[in-house]
Amino acid sequence: MAKSDDCVHILQGLLVFGNVVIGMCGIALTAECIYVVANPHGLYPVLKATENSDIYAAAWIGIFVGLALFVLSILGIIGVIKASRTLLLVYIILMLITFAFEMASSITAATQQDSLTPELFLKQMLERYQKSEPASNSDNEVTKTWDELMRQNHCCGVKGPLDWQEYTSAFRLTHSDADYPWPRACCVLDAKGLPVNLDGCKLGVPGYYNSNGCYDAISGPVSSHAWGVAWFGFAILCWTFCVLLGTMFYWSGIEY
Amino acid sequence: TMLPLLLLLLPAAHGTAQLRFKPTLTQDLEWVTTASTFVLDQPRCVFQNYSNAVIWLVVALAKDISAFNNSSRPGTNETAFQKFPDPVRVYMTLNVTLGSYPCPKSPGEITVLRVGSETSCAQDDSRPTCNGPLPGPGPYRVKFLALEGSVPVAETAWSDPIMLRTGTVARPAPHTAHTLRGDGGAGMIAITTILSILFAILLAGLVAMLVFWGSDSCGGSSTFSKPESVTVRRYNTHHVYDQPAARL
């Protein structure tokens with residue numbers, strides 16, 4: 001009771017198509033993860049300070065998984081066309097290993113997305129920003145990153161300038177409250193980087209200081225990066241699952 | 001009748017007009033108090049009758065206002081900022097002439113006084129009228145005093161107690177970022193469950209495949225033939241060759 005050749009050819013065609021899609025998605029995943037790792041928003045020091053840089057680990061894994069998927073998809077296409085049992089067995093085993101890694105990356109990115117809270121950043125910022133005796137280079141990095149963040153996004157603190165008033169901080173130890181109710185970077189700055197109106201900034205006159213918090217500016221990009229890595233990875237894995245099941249079925253039907 | 005006259009004369013002899021104005025924290029700004037400063041509204045249109053006077057701000061801790069005597073002179077050791085709050089209970093600062101408080105106030109202008117803004121003279125004993133940062137959270141009460149020369153001519157009422165801010169230590173949310181099993185949202189749970197199920201199915205499939213490979217029986221009746229399959233033709237040829245050999 002031999003199935004018609006058409007059935008075989010359809011299955012082969014589907015598997016080849018499936019592998020082509022996997023290959024392309026692998027390249028796309030690599031590109032996306034390189035983008036995340038390349039750190040376009042300069043947020044890496046702040047995230048590292050909060051020990052919350054799992055998103056970067058997930059992205060690094062994603063780069064290698066993407067390349068592996070591309071290579072394995074080529075192997076898969078060759079194996080399907082040649083109907084070789086050994087090749088396909090190797091393909092399936094290696095794909096399962098890649099599947100496991102991508103699973104880890106995807107879950108890590110999804111967890112990270114849920115765990116970014118303002119309180120986390122607040123504590124790190126208050127402890128490290130402008131620390132007078134920086135314990136390590138990362139403290140300097142944190143200060144520089146926060147300054148850049150506040151200047152570029154016209155924001156102050158995590159939830160607002162009141163963070164510097166309501167909580168004790170390393171900044172407060174070296175800068176008197178009367179002269180620096182909040183850091184100078186919170187003031188509206190002119191082209192030279194000096195406050196437009198220092199007294200207005202110190203008083204809190206609207207228009208001379210940044211009154212909104214930076215949390216949105218941080219969590220926005222990181223959230224979307226994490227979302228991208230997690231859910232794109234998940235989609236690829238679902239597709240890969242179907243292709244692998246098809247390949248296993250095909251494999252079991254190949255003549256011994 | 002002499003007594004009532006004397007009593008009437010006494011307040012006049014005192015000489016200092018008691019104005020009903022009470023200094024207040026400004027309403028124009030969002031942050032009116034910090035840990036060591038606060039912002040008052042300027043006393044506009046209050047001291048109009050005293051065009052020659054110099055207006056001083058008198059600051060004291062709320063519990064010490066009874067220690068104030070309007071014959072205290074500013075710029076002396078008894079009212080020096082640098083020795084506040086002990087032994088100086090009340091200090092005087094922010095002296096301006098009436099010209100600095102024009103009346104009426106121009107609309108749209110923010111007219112405020114920031115108490116505690118001068119940090120440079122906070123330790124400088126040669127500047128007893130320094131408007132230095134306040135040394136604690138308070139509560140403080142203030143009033144304005146108009147002096148002509150060294151004679152007090154008018155004073156306002158004491159303000160309500162003004163409490164300054166104190167900082168607390170920031171507390172992060174109880175869960176930390178490191179635990180994978182942390183405050184997982186719906187997304188994380190969905191991804192983990194679905195992917196685990198898929199992975200388990202694939203592993204089961206792989207195991208089935210390997211077991212499959214061991215046994216010939218199911219694999220023998222192949223449904224997919226390899227590209228070169230000439231079994232049938234060979235059989236025919238063999239049979240044809242046999243016949244002539246048998247006849248001979």
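Per chain, numbering begins at 1; letters A, B, ... match sequence-line order. All values below were derived from every heavy atom in this structure, side-chain atoms included, with hydrogens, water molecules and symmetry-related copies excluded.
A distance of 7.0 Å separates CG in A:Leu245 from CD1 in B:Ile201, rounded to the nearest 0.5 Å. Remark: B:Arg114 CZ to A:Leu203 CG distance equals 5.5 Å, nearest 0.5 Å. Here the straight-line distance linking atom OG1 of B:Thr34 with atom CD of A:Glu166 works out to 12.5 Å at 0.5 Å rounding.
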When you look at B:Leu195 and A:Phe241, which way does the side chain to side chain contact (heavy atoms under 4.5 Å, CB included) test go after all the steps?
-> CA-CA 9 Å; B:Leu195 288 183; A:Phe241 170 75; over 6 Å; no

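In this view, B:Glu78 satisfies the salt bridge (charged side-chain N to carboxylate O under 4.0 Å, His left out) rule with no residue, not counting sequence neighbours. Partners of B:Asp125 according to the salt bridge (charged side-chain N to carboxylate O under 4.0 Å, His left out) rule, which considers only residues two or more places apart in sequence or in another chain, do not exist here.
Heavy-atom distances place the side chain of A:Tyr209, and not its backbone, under 4.5 Å from chain B. Both the backbone and the side chain of A:Ala100 come within less than 4.5 Å of a heavy atom of chain B. In this structure, chain A has a heavy atom under 4.5 Å from the side chain of B:Val112, while its backbone stays farther away. Looking at A:Leu96, both its backbone and its side chain come within 4.5 Å of chain B, counting heavy atoms on both sides. Within the 4.5 angstrom heavy-atom criterion, no atom of B:Thr26 approaches chain A.
No more than 12 heavy atoms of other residues, nucleotides or ligands shown are found within 6.0 angstrom of OH on A:Tyr208. Around CZ of B:Phe21, the count of heavy atoms belonging to other residues, nucleotides or ligands within 6.0 Å exceeds 12. The environment of A:Trp227 atom CH2 is sparse: at most 12 non-hydrogen atoms of other residues, nucleotides or ligands sit within 6.0 angstrom.
Annotation for B:Leu206 and A:Met248: closest pair N-CE, 3.6 Å, computed over non-hydrogen atoms. Smallest separation of non-hydrogen atoms from A:Ile107 and B:Met188: O-CG, 4.2 Å.
Two residues are said to be in side-chain contact when any heavy atoms from C-beta on lie closer than 4.5 Å; A:Ile92 and B:Leu202 fail this criterion. With a 4.5 Å cut-off on side-chain heavy atoms, A:Met103 and B:Leu198 do not count as touching. Considering only heavy atoms from C-beta on, B:Arg165 comes within 4.5 Å of A:Leu162 through its side chain.
Between chain B and the options A:Asp179, A:Thr240, A:Val205, heavy-atom pairs under 4.5 Å are most frequent for A:Asp179. If you tally non-hydrogen atom pairs under 4.5 Å between each of A:Gly204, A:Ala110, A:Ala230, A:Ala178 and chain B, the highest count goes to A:Ala178.
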